[in-house]
Amino acid sequence: MVESIIGIRGKDFVLLAQDANTTKYGILNMKFDTNRLFKLSEHCAMLAAGEPGDVVQFAEYVGKNIQLYKMINGIELSPYACANFTRHEMATSLRSRNSFLANVIVGGFSTNERDQERAQLYSIDYLGAMISANVVAHGFCQFFALAIGDRLWKEDL
Amino acid sequence: MAGEYDTAITVFSPDGRLFQVEYAQEAVKKGSTAVGVRGKNIVVLGVEKKAVAVLQEDRTVRKICVLDDHVAMAFAGLTADARVLMHRARIECQSHRLNVEDPVTIEYITRYIADLQQKYTQGRGRRPFGLSTLIVGFDYDGTPRLYSTDPSGTYHEWKANAIGRQAKTVREYLEKAYTETIYESTHESIKLCIRALLEVVQSGSKNVEIAVMVRHKPLKTLSSDEVEKYIAEIEKENEIEAEKKKQAKQLGGTTTTTTTPSLTTQTSKKE
């Protein structure tokens, strides 16, 4: 909850932001180079926050599977497809021995020209619930970010 | 004698041979030719493009494939077996990245593929994979590599190699033609690969497919225009060579006619 991640969708871009590069353990800062942003493909990335080990394990696992798809099929998955794959993995792992305590945001720009909306942004929580929205956030900042987004987000940013 | 011992591939023949493996190697010899050349800063793969049926979409015939961003593979032999092997290799490439945070070295993935091929020559009564592969790429430290595997599961590193139909002829040509200058130049390496293929394939960009990989860049398949340019250059060089040889032969002919008169003069002197 202490770690914050925010995603904002514009007309033809998505903006992904994370808070400071620290991992806390109670009142102590354990790590100063924490990177919560994981590249899934050339045009899609994932922000993940939550249990430190789970975050890295889950995000890297999803990332490598997206790469594998690219190698086998020769094309990149759209952010929509990446998000659905992520959600599926989250939901499957929840109903098994190894679940991940990680909240993620998947966002990117689809390379498929036929897509209606090419800037795609999704939020998936640790229970496998996925929503698509213009402003998404996880952590304590969500109380502020979502409220500000409701008030100030507009079309064609 | 061969018939008795090749039904169960786990068994050696009395003279120490694995016939199923040898038969698989025969299947490889029937496949279309593939050539690999390793230069200092480039690796080149060339394959013979077999003529497709009139109604067939020829872009679906892919003999050169990427295994990862920095590894590519060409094969000769059973296409279906190659598809299975490629799939396993691609998974292994990503798995390796996930577990150790490093891309595979070319030797690692070659060894993985070779191990897979070997597994099917031992036990469970399954037939071996009927293909040989040429695996090219750049290691993490930038070293270019070319490896080759065969149905028995052995692999070797090469400077240049050919597999498939008439591989022996092509390899002999490569042995004669491969020089240090070619190794140093990317342009010459590509030309050597095309030359080697043209030894056994009809000239023309529609009969060959060439793919090149340069350090830190993904595999690039040359367009038919680019291939045509190389072929034109090669044909020009061949013409110049042929001219030179013809001239040398002519010059050699005139020297023999001048020696005969001098011989007769000597004899008259003696007298």
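Convention: sequence-line order gives letters A, B, ...; per-chain numbering from 1. Only a predicted model underlies this, so the values are computations on that prediction, with no experimental measurement involved.
Taking 4.5 Å as the heavy-atom cut-off, none of the residues of residues 111-121 of chain A approach chain B. Contact residues of residues 65-97 of chain A toward chain B are A/Gln67, A/Leu68, A/Lys70, A/Met71, A/Ile72 (heavy-atom distance under 4.5 Å). Within residues 139-160 of chain B, no residue has any heavy atom closer than 4.5 Å to a heavy atom of chain A. For residues 76-93 of chain B, the interface with chain A (any heavy-atom pair closer than 4.5 Å) comprises B/His87, B/Arg90, B/Ile91, sorted by residue number.
Applying the 6.0 Å contact sphere to OH of B/Tyr112 captures more than 12 heavy atoms from other residues, nucleotides or ligands. The neighbour count for B/Lys40 NZ, taken as heavy atoms of other residues, nucleotides or ligands under 6.0 Å away, does not exceed 12. Annotation for A/Phe13: atom CZ counts as buried by contact number, over 12 foreign heavy atoms lying within 6.0 Å. Environment of CZ in A/Phe32: crowded, with over 12 heavy atoms of neighbouring residues, nucleotides or ligands closer than 6.0 Å. For A/Met1, the CE atom counts as densely surrounded, since its 6.0 Å shell holds more than 12 non-hydrogen atoms of other residues, nucleotides or ligands. The local environment of NZ in B/Lys220 is crowded, with over 12 non-hydrogen atoms from other residues, nucleotides or ligands closer than 6.0 Å. Other residues, nucleotides and ligands contribute more than 12 heavy atoms inside 6.0 Å of the CD atom of B/Gln166.
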